[in-house]
Undergrad: 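One structure coming up, written as structure tokens, with questions to follow.
Excluded from the calculations below are hydrogen atoms, water molecules and symmetry mates; all remaining heavy atoms, backbone and side chain alike, are included.
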Amino acid sequence: MTDVEARKSHTPRPTLGLDGAEAHEAEHAIDLLVRDLQTGWDTHDPDVTDRRLGGDVLWGSPFGATVCGYSRLHEIHVRLKRTGVGGRSSRFEVVQYLTPARGIVIVHVRRTALDEGDTPVAPTEGAAPPFSEMALYVLVQRDGDWWVAAGQNTPISPAAP
């Protein structure tokens, strides 16, 4: 190990999350996003689900595909809503978030698939419907509005901690 590497290894890591007004504003943006996700799911309306996606959104699917751009992703969501992929009903909840800079928030949102009695469906291997997933969203503020700049969905498996 060089002297430079040794000094870097002992440098404390910074805490990146902001608090105060920036965190409060980010919480409000997250609440709006989760409300739209829930309403869009409940009404099977991709326009509501995708209301906060930026025009150049980057997306990673639970199956490893990547998509760039609102139009392409919205087209996929229209098809998925029409076919009912993911299950009949779901519940969205914020797991954790970080505000690393003013106007930027990173948030984990869990979508739990529910059965006919609104009971969570146990996770299964793979993503056979209905399946639950964890999403990572990056939101960016522009001109007073918050937009999803990127998202990544990952199915929740039975082995998940």
Undergrad: Say whether L139 and L18 are linked into one hydrophobic cluster, either directly or through other cluster members, by side-chain heavy-atom distances under 4.5 angstrom.
TA: no
Undergrad: Check the pair V95, V109 against side chain to side chain contact (heavy atoms under 4.5 Å, CB included), reporting the backbone distance first and the verdict last.
TA: CA-CA 6 Å; V95 176; V109 176; over 6 Å; no
Undergrad: Determine whether the side chains of Y137 and Q152 contain a donor N or O and an acceptor N or O closer than 3.5 Å.
TA: no
Undergrad: Any heavy-atom pair between the side chains of S157 and P123 that's under 4.5 Å?
TA: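 No, too far: nothing below the 4.5 Å cut-off.
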Undergrad: For A149 and V140, which heavy atoms make the closest approach, and how far apart are they?
TA: CB-CG2, 3.8 Å
Undergrad: Go through it in stages, so that I can follow the logic: the residues are T39 and W41, the test is side chain to side chain contact (heavy atoms under 4.5 Å, CB included), and I'd like the CA-CA distance, side-chain angles, deciding distance and then a yes or no.
TA: CA-CA 5 Å; T39 301; W41 194 279; over 6 Å; no
Undergrad: Run the numbers on T154 and E133 for side chain to side chain contact (heavy atoms under 4.5 Å, CB included), then give the verdict.
TA: CA-CA 5 Å; T154 304; E133 59 193 335; 5.9 Å; no
Undergrad: Please tell me if the side chains of L37 and T49 come closer than 4.5 Å, counting only heavy atoms from C-beta onward.
TA: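 They are in side-chain contact.
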Undergrad: Consider only side-chain heavy atoms of I, L, V, M, F, W and Y, link residues closer than 4.5 Å, and tell whether L80 and F131 are in one cluster.
TA: yes
Undergrad: Go through V107 and L136 one step at a time and tell me if the side chain to side chain contact (heavy atoms under 4.5 Å, CB included) criterion holds.
TA: CA-CA 6 Å; V107 59; L136 176 67; over 6 Å; no
Undergrad: So which heavy atom on T112 is nearest to which on P120, and how close?
TA: CG2-CB, 3.7 Å
Undergrad: What closest approach, in Å, do S90 and R111 show between heavy atoms, and which atom pair accounts for it?
TA: OG-NH1, 2.7 Å
Undergrad: Can you name the closest pair of heavy atoms from L53 and L73 and give their distance?
TA: CD1-CD2, 3.6 Å
Undergrad: Return the set of residues passing side-chain contact (heavy atoms from CB on, under 4.5 Å) with E25 (not counting sequence neighbours), or none when no residue passes.
TA: R102, Q141, W146
Undergrad: Shortest non-hydrogen contact from L98 to G17?
TA: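 Closest approach of L98 to G17, heavy atoms only: CD1-CA, 3.3 Å.
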Undergrad: Verify the cluster assignment for V148 and I76: are they in a single hydrophobic cluster under the rule of side-chain heavy atoms below 4.5 Å apart?
TA: yes
Undergrad: For atom CG of D19, decide whether the heavy atoms of other residues, nucleotides or ligands shown that lie under 6.0 angstrom number more than 12.
TA: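 Not more than 12 within 6.0 Å, no.
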Undergrad: Following the transitive rule for hydrophobic clusters with a side-chain heavy-atom cut-off under 4.5 Å over Ile, Leu, Val, Met, Phe, Trp and Tyr, establish whether V57 and V34 coincide in one cluster.
TA: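 Result: yes, single cluster for both.
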Undergrad: How long is the span from the CD1 atom in I156 to the OG atom in S132, to the nearest 0.5 Å?
TA: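 Here the interatomic distance stands at 5.5 Å.
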Undergrad: Just verifying a value: how many Å separate D47 CG and K81 NZ, rounded to the nearest 0.5 Å?
TA: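 Reported value, rounded in 0.5 Å steps: 10.5 Å.
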Undergrad: What's the separation between atom CD1 in I106 and atom CD in Q96, rounded to the nearest 0.5 Å?
TA: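 Rounded to the nearest 0.5 Å, the CD1-CD separation comes out at 10.5 Å.
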Undergrad: Not counting sequence neighbours, list each pair that qualifies as a side chain to side chain donor-acceptor pair (under 3.5 Å) and has a residue in residues 53-70.
TA: Y70-H74
Undergrad: With sequence neighbours excluded, tell me which residues meet salt bridge (Lys or Arg N to Asp or Glu O under 4.0 Å) with R110.
TA: E93
Undergrad: Distance check, rounded to the nearest 0.5 Å: H44 atom NE2 versus T83 atom OG1?
TA: 11.5 Å
Undergrad: Mind listing the closest non-hydrogen atom pair of T99 and A26 along with its distance?
TA: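 The answer is OG1-CB, 3.4 Å.
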Undergrad: Check this for me, if you would: do R52 and D36 make a salt bridge, where the nitrogen-to-carboxylate-oxygen distance has to be below 4.0 angstrom?
TA: yes
Undergrad: Rounded to the nearest 0.5 Å, how far does CG of L33 lie from CZ of R51?
TA: 11.0 Å
